[in-house]
Amino acid sequence: MRLRFAPSPTGAIHIGSVRTILYNYLFARQRGGVLILRVEDTDQDRLVAGAIESIYDGLHWVGISWDEGPHEGGPHSPYVQSERLPLYQGHAQELIDKDAAYYCFCSKERLAVLRAEQEARHELTRYDRHCRFIPVEEAAERAKKEPHVIRLKVPDEGTLAIEDLVHGHIEWQASTIEDQVILKSDGFPTYHLAVVIDDHEMGITHIMRGEEWIASVPKHLLIYRAFGWEAPPMAHFPSVLGPDGKRLSKRHGSTAVSQFRDDGYLPEALINYLALLGWSPGTEEEVFSMDDLVRVWKIEQVQSAGGKWDKERLDYFNGVWIRKLSVDELVRRLEPFVPAEWDRAVLKKIAPHIQERMKTLKDARELIRFLFTDDIGFDKRLLIPKKSDRLTTLEALARARAVLGEIEPFVATNIEPALVGLATGLGWSKGDLNGVIRMAITGRKVGPPLYESLEVLGKEKSLKRIEKAQELLAGGPD
RNA sequence: GGCCCGUUCGUCUAGUGGCCUAGGAUGCAGCCCUCUCAAGGCUGAGAUCAGCGGUUCGAAUCCGCUACGGGCUACCA
């Protein structure tokens with residue numbers, strides 16, 4: 001069993017492609033199959049430098065591996081189509097020899113005019129087979145010196161069909177298919193020729209790709225037939241859609257996998273979410289690791305309709321996976337999201353207290369900033385609880401400083417009873433008192449639990465911040 | 001326009017002829033817990049299963065038509 005994923009090096013890998021690749025991966029891995037990464041770079045105009053590396057990066061980050069590919073090598077090297085040109089050219093020639101294809105000398109200009117005329121007459125915009133009937137010898141002669149492409153000679157009659165693994169039976173009338181270009185004038189094959197040849201040569205046993213390819217299946221079938229090859233079983237997965245129901249693209253925001261890493265998403269969460277977008281286990285479980293998926297995913301349960309990208313749901317899964325991390329692991333994952341100069345020992349102490357408060361790893365920074373900088377400027381009016389006033393608050397601050405100053409050791413379990421006692425003494429609610437202190441030491445209304453925050457901040461700094469809050473509040477009118 | 005694919009709560013989905021007065025999750029609302037925010041627990045609103053016609057004792061599930069959405073219609077993949 002051999003499966004392939006075949007991205008084009010036109011930029012960072014798209015999140016929708018990752019879903020397709022994931023399904024290929026799950027299918028192959030659960031059956032002990034071999035996975036192949038093949039780079040489809042037959043469009044020289046769309047190449048983007050560094051794209052192959054970013055494909056490697058992105059896929060490795062989400063935890064997808066493969067066995068044969070451009071860097072891995074393998075029995076069918078090379079795995080980059082631009083390095084396999086002679087193979088395609090030879091096969092295109094074979095198709096001509098078998099009368100399944102023909103030379104076409106039409107210029108792009110003629111094609112453009114043809115199309116414009118057809119449109120004006122509200123006709124089908126299709127190649128008019130102008131070159132199809134040039135005598136073979138003459139065409140071969142002209143091909144030696146004139147620029148040309150090679151087109152597939154599509155029969156006028158007949159039916160082409162597949163039993164798609166997700167859609168079931170699909171069929172086409174040959175008469176509705178165009179004489180597709182299979183070899184371009186620059187000597188490069190089009191996708192249609194290259195994919196058929198490579199899938200066959202590389203011994204691919206199952207073709208699984210996005211549903212946008214369904215329409216070109218009949219052309220591929222014709223090519224298989226002309227070579228006398230058998231087309232492998234195919235599965236076309238539904239698209240990942242944007243909020244407007246159209247296929248997810250850059251118009252809907254960034255779709256690059258690397259962007260999700262940078263935004264603080266866990267690969268576990270992304271995979272979990274993506275797996276469920278288009279597939280369902282049929283049970284009420286929904287949290288799955290990659291290993292779980294390899295076990296339970298089934299192609300029979302893949303959805304045939306497209307699914308809209310739902311960031312809220314991704315966020316939920318990210319929270320789930322963040323909470324599943326051990327503290328050490330969480331600290332490791334947080335590494336790229338906090339400044340290098342922040343003390344890692346402090347980070348580790350506060351980590352368990354922010355773990356269930358993060359939607360993304362990116363959220364940590366703001367949550368714990370107060371531990372690493374004294375620059376927590378805030379509006380002094382925020383210090384005063386709703387039903388209180390400046391003097392009373394000042395008093396509370398002073399008492400808090402005194403109470404906290406006596407705590408030894410300065411740990412949450414000691415801080416809590418002390419502050420609870422103080423609140424009672426003051427006739428304040430615990431919430432009001434804690435709110436004032438939280439504002440004084442963090443500069444924010446919300447944050448990690450207060451007693452733990454004080455402990456991690458340390459006695460000295462805690463007292464100093466309360467003192468500063470007192471000064472701030474004392475200094476002048478509201 | 002042509003060809004093809006699709007259509008169950010806002011969203012992701014369960015459902016393969018009776019268990020469906022349609023289940024779960026997310027999001028939303030409320031309550032509980034609670035030092036804030038979260039997390040967690042509970043409750044609730046939310047889908048005449050796109051519409052119509054047929055098959056059947058019985059249809060979200062099978063068939064047909066229509067509507068709507070999407071993909072393809074390049075010397076792009």
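We name chains A, B, ... by the order of the sequence lines, and we start the count at 1 in each one.
The pair A:D179-A:R132 counts as a salt bridge, with a side-chain nitrogen and a carboxylate oxygen less than 4.0 angstrom apart. The existence of a salt bridge linking A:R121 and A:E123 is confirmed by a sub-4.0 Å separation between a basic side-chain nitrogen and an acidic carboxylate oxygen. Using a cutoff of 4.0 Å between basic side-chain nitrogens and carboxylate oxygens, A:D198 and A:R84 are scored as salt-bridged. A salt bridge is defined here as a Lys NZ or Arg NE, NH1 or NH2 lying under 4.0 Å from an Asp or Glu carboxylate O, and A:R251 with A:D244 meets this definition. With respect to A:R38 and A:D199, a salt bridge is recorded, a charged nitrogen being found less than 4.0 Å from a carboxylate O. Under 4.0 Å is where a charged nitrogen must lie from a carboxylate oxygen, and between A:D263 and A:K359 no such pair does. A salt bridge links A:E329 and A:R333; the closest N-O separation between the charged side-chain nitrogens and carboxylate oxygens is under 4.0 Å. Between A:R381 and A:D379, at least one side-chain nitrogen of the basic residue sits less than 4.0 Å from a carboxylate oxygen of the acidic one, meeting the salt-bridge criterion.
Between A:E286 atom CD and B:G27 atom P there is a gap of 10 Å when expressed in whole angstrom units. Rounded to whole angstrom, the span from the NE2 atom of A:H169 across to the P atom of B:G6 amounts to 12 Å. Atom CG of A:L450 is separated from atom C1' of B:A38 by 15 Å (rounded to the nearest Å). In this structure, A:D363 places its CG atom 20 Å from P of B:U36, rounding to the nearest Å. Distance, A:I170 CD1 to B:C3 P: 16 Å, rounded to whole Å. Note: NE2 (A:H353) to P (B:C35) measures 15 Å, nearest angstrom. Rounded to whole angstrom, the span from the CE atom of A:M234 across to the C1' atom of B:C5 amounts to 16 Å. Residue A:L330 contributes atom CG, which lies 14 Å from atom C1' of B:A39 at whole-angstrom precision.
Annotation: A:W279 is in aromatic contact with A:F288 [ring centroid separation under 6.0 Å]. Ring pair A:H353/A:Y451: centre-to-centre distance not below 6.0 Å. If you look at A:H236 and A:H167, their ring centroids are not closer than 6.0 Å.
Nearer to the 5' terminus of RNA chain B, by closest-nucleotide assignment, is the contact made by A:E171 (compared with the other of A:E171 and A:Q301).
Note: A:Y56 and A:W66 have perpendicular aromatic rings, judged against thresholds of 30 and 60 degrees for the angle between ring planes. A parallel orientation is assigned to the rings of A:Y191 and A:W213, their planes being inclined by less than 30° (bins at 30° and 60°).
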What N/O pairs connect the protein and nucleotides 7-11 of chain B at under 3.5 Å? Give each pair on its own line.
unit_1: B:U11; atom_1: O2'; unit_2: A:D310; atom_2: OD2; d: 3.4

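Taking the side chain of A:L124 as heavy atoms from C-beta on, and the options B:U26, B:A38, B:G1, the nearest nucleotide is B:G1.
Taking every heavy atom of residues 431-439 of chain A and every atom of RNA chain B, pairs under 4.0 Å involve A:G431, A:N434, A:R438, by number.
Applying the Watson-Crick and G-U wobble criteria (two distances, each under 3.5 Å), B:U26 pairs with B:G10. Of all nucleotides present, only B:G71 satisfies the Watson-Crick or G-U wobble test against B:C3, with each distance under 3.5 Å. Taking a pair to require two hydrogen-bonding distances under 3.5 Å in either a Watson-Crick or a G-U wobble arrangement, B:C65 pairs with B:G51. Across all strands shown, B:G58 forms no Watson-Crick or G-U wobble pair with both key distances under 3.5 Å. Of the nucleotides present, none pairs with B:C33 by Watson-Crick or G-U wobble criteria with both distances under 3.5 Å.
Of the side-chain N and O atoms in A:H167, one or more sit less than 4.0 angstrom from OP1 or OP2 of B:G6.
Look at the C1' atom in both B:U26 and B:U21: the space between them is 25 Å, to the nearest Å.
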Protein heavy-atom contacts under 4.0 Å, written 5' to 3' over nucleotides 68-77 of chain B as B (base), S (sugar-phosphate only) or - (none), form the string --SSSSSBBB

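As judged by a 4.0 angstrom heavy-atom cut-off over every strand, A:G319 is placed among residues making no nucleic acid contact. If you check every strand for non-hydrogen atoms under 4.0 Å, A:P448 touches a base. Within 4.0 Å (heavy atoms only), A:Y451 reaches at least one base atom of the nucleic acid.
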